[in-house]
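To keep things clear, I will list the structure first and then write my remarks on it.
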Number of protein chains: 2
Amino acid sequence: MGQVDARRFAAMAEFRYELRRFLHFSETSAEAQGISAQQYQLMQVVQATSAEARVSISTIAERMVLRHNSAVELVDRAERLGLVERLADEDDLRRSLVVLTEHGRKVLAHVAAAHLVELERAGPMMVQALERLGVSEASKRGTEAK
Amino acid sequence: MGQVDARRFAAMAEFRYELRRFLHFSETSAEAQGISAQQYQLMQVVQATSAEARVSISTIAERMVLRHNSAVELVDRAERLGLVERLADEDDLRRSLVVLTEHGRKVLAHVAAAHLVELERAGPMMVQALERLGVSEASKRGTEAK
DNA sequence: AAGCACTATGTCGTAGCACGATAGAATAAG
DNA sequence: CTTATTCTATCGTGCTACGACATAGTGCTT
């Protein structure tokens, strides 16, 4: 069992606390626009992943870190809210390509803007905690000080 | 609508993706030790919050960013697994003070160690994304731990 | 010291979501 | 053409956070 010294343990706890606060903000901020944090992230993935903003369910599952069937259900709910639409992929009829609706784009813009503001507060806190943890830069392998 | 430019939008999406991967790791890594990620974080809070490692339900709720009744239920489940114990606060009989059991400490050490390893990979990725977002300003050298 | 407000913890029913198992259609491979 | 694989979809289940409510202890006010 690898040992984690008290200083790093505290830094990790602090990082995790900031994470929880951020995630809670994300939930609240999304719900203020009538959607869930998962739906916000879904739209974020659709917008960011592909240049044409057409993303398959499989890609969504991968990027959302979900099982395929959970991605299907997530898209179902978002579609029901009019945030996204399914289009048939003409090159591969098995595929559904998910795109944002006009309404989805509008809601996404609002929620993303709110997140950016919050990250101006939370970002530095997280970075600070990760620095204290000693994991803020790559190539830290084997730098274990006790 | 376009309050968030494309570069920052992409950085935010990337940060969020790393977050999801980390959270998924956390879940998996905790379950490998027979507990949930929430139970891991509960123990982390108990261990890190107070010097004597005795924490009230209210404090747990605050640090876990949960409603108090959810904190009660979280402690219930953790207690049932033998990870934590409730002690009566002699100064205020309304309070239950939560402490780790020997078994809880052992499991916590394992899971925390695994998280530290994962953060050596994920930490730099998150910091990088936050830097690209322009919200990492606390990362000035000098606040670096000794 | 009785009354009242406030705090802390606990209980219960509900809703939402991710998952495993399963299915069916399209495509690829042989 | 037959079989295997990929992709999306459906259904039932379990877990957990929540709101509403309940109970008990504390402390302030009169």
Side-chain angles (χ1 to χ4, degrees), chain A residues 19-21 23-28 30-32 34-42 45-46 49-50 54-81 83-99, chain B residues 19-21 23-28 30-32 34-42 45-46 49-50 54-81 83-99:
Chain A
L19 222 54
R20 288 191 295 268
R21 288 185 64 185
L23 293 174
H24 183 257
F25 164 85
S26 184
E27 201 69 53
T28 304
E31 273 162 16
I35 67 174
S36 70
Q38 283 294 81
Q39 286 163 353
Y40 159 59
Q41 290 178 86
L42 167 64
V45 162
V46 171
T49 298
S50 126
R54 310 163 137 251
V55 186
S56 73
I57 297 282
S58 307
T59 304
I60 287 171
E62 187 179 47
R63 278 253 134 193
M64 287 296 294
V65 192
L66 289 175
R67 300 287 170 191
H68 301 144
N69 49 340
S70 303
V72 168
E73 293 168 328
L74 181 58
V75 171
D76 282 346
R77 295 188 292 267
E79 195 171 22
R80 226 171 287 137
L81 285 182
L83 301 169
V84 303
E85 274 181 329
R86 278 177 167 93
L87 301 180
D89 184 346
E90 291 166 358
D91 298 334
D92 186 340
L93 294 178
R94 291 171 301 184
R95 283 197 183 130
S96 285
L97 294 180
V98 177
V99 298
Chain B
L19 222 54
R20 288 191 295 269
R21 288 186 64 186
L23 293 174
H24 183 258
F25 165 84
S26 183
E27 202 68 55
T28 304
E31 273 162 16
I35 67 175
S36 70
Q38 283 294 81
Q39 286 164 352
Y40 159 59
Q41 290 177 87
L42 166 64
V45 163
V46 171
T49 298
S50 126
R54 311 164 136 249
V55 186
S56 74
I57 299 281
S58 307
T59 304
I60 287 171
E62 187 180 47
R63 292 293 288 187
M64 287 297 293
V65 192
L66 289 175
R67 301 286 171 188
H68 77 273
N69 49 338
S70 303
V72 168
E73 293 167 327
L74 181 58
V75 171
D76 282 346
R77 295 187 292 268
E79 195 172 21
R80 225 170 288 136
L81 285 182
L83 302 168
V84 302
E85 273 181 329
R86 277 176 167 94
L87 301 180
D89 184 346
E90 292 167 357
D91 297 334
D92 186 341
L93 293 179
R94 291 172 301 184
R95 283 198 183 127
S96 285
L97 294 180
V98 177
V99 299

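Side chains included, hydrogens not; waters and symmetry mates left out as well; all remaining heavy atoms used. Chain letters run A, B, ... following the sequence lines, proteins first and then strands; every chain starts at 1.
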Original post:
Looking only at heavy atoms, which two atoms of B:Leu81 and B:Gly34 are closest? And how far apart?
Top reply: CD1-O, 4.1 Å
Original post:
Between residues 64-72 of chain B and DNA chain D, which residues have a heavy-atom gap below 4.0 Å?
Top reply: B:Leu66, B:Arg67, B:Asn69, B:Ser70
Original post:
Could you state the CG-C1' distance from A:Leu42 to C:dA18, rounded to the nearest angstrom?
Top reply: 15 Å
Original post:
Is it the case that more than 12 heavy atoms not belonging to A:Arg54 sit under 6.0 Å from its CZ atom?
Top reply: no
Original post:
So do B:Thr49 and B:Ile60 actually touch side chain to side chain, heavy atoms under 4.5 Å?
Top reply: no
Subject >> Residue closer to the 5' end of DNA chain C, A:Glu73 versus B:Arg86 (nearest nucleotide) >> reply: B:Arg86
Original post:
In whole angstrom, what separates B:Leu74's CG from C:dA8's P?
Top reply: 19 Å
**OP:** Go through the structure and list residues passing side chain to side chain donor-acceptor pair (under 3.5 Å) with B:Ser56, not counting sequence neighbours.
**Re:** B:Thr59
Subject >> Covered region of DNA chain D, 5' end to 3' end, by chain A [heavy atoms, under 4.0 Å] >> reply: D:dT6 to D:dG12
**OP:** Between A:Arg95 and A:His24, just flag the one whose closest nucleotide in DNA chain D comes earlier from the 5' side.
**Re:** A:Arg95
Subject >> B:Ser56 side-chain N/O to C:dA8 phosphate OP1/OP2 under 4.0 Å >> reply: no
Original post:
Tell me the side-chain hydrogen bond (donor to acceptor under 3.5 Å, both in side chains) pairs involving residues 60-74 of chain B, sequence neighbours left out?
Top reply: A:Glu14-B:Arg63
Original post:
Taking protein heavy atoms under 4.0 Å as touching, what does nucleotides 22-30 of chain C look like 5' to 3' if B marks base contact, S marks sugar-phosphate-only contact and - marks none?
Top reply: ----BS---
Donor-acceptor pairs are to be reported for all side-chain atoms of residues 83-95 of chain B against protein atoms at under 3.5 Å, with residues two or more places apart or in another chain.
residue, atom, partner, partner atom, Å
B:Arg86, NH1, B:Asp76, OD1, 3.1
B:Arg86, NH1, B:Glu79, OE1, 2.5
B:Arg86, NH2, B:Asp76, OD1, 3.0
B:Asp89, OD1, B:Asp91, N, 2.9
B:Asp92, OD1, B:Arg94, N, 3.1
B:Asp92, OD1, B:Arg94, NE, 3.1
B:Asp92, OD2, B:Arg94, NH2, 2.9

Original post:
Can you tell me how far CG of A:Leu74 sits from OG of A:Ser36, rounded to the nearest 0.5 angstrom?
Top reply: 7.0 Å
Subject >> Shortest non-hydrogen contact between B:Leu19 and A:Leu19, atoms and distance >> reply: CD1-CD1, 3.4 Å
Original post:
Can you find a heavy atom in the side chain of A:Leu23 that is under 4.5 Å from one in the side chain of B:Val65?
Top reply: no
Original post:
What distance separates B:Gln41 CD from B:Met64 CE, expressed to the nearest 0.5 Å?
Top reply: 4.5 Å
Original post:
Under 4.5 Å between any side-chain heavy atoms of A:Val45 and B:Arg20, yes or no?
Top reply: yes
Original post:
A:Arg80 CZ to C:dC17 P: how many Å, rounded?
Top reply: 10 Å
Original post:
Taking atom P of C:dC17 as reference, at what distance in whole Å does atom CG of B:Leu23 sit?
Top reply: 17 Å
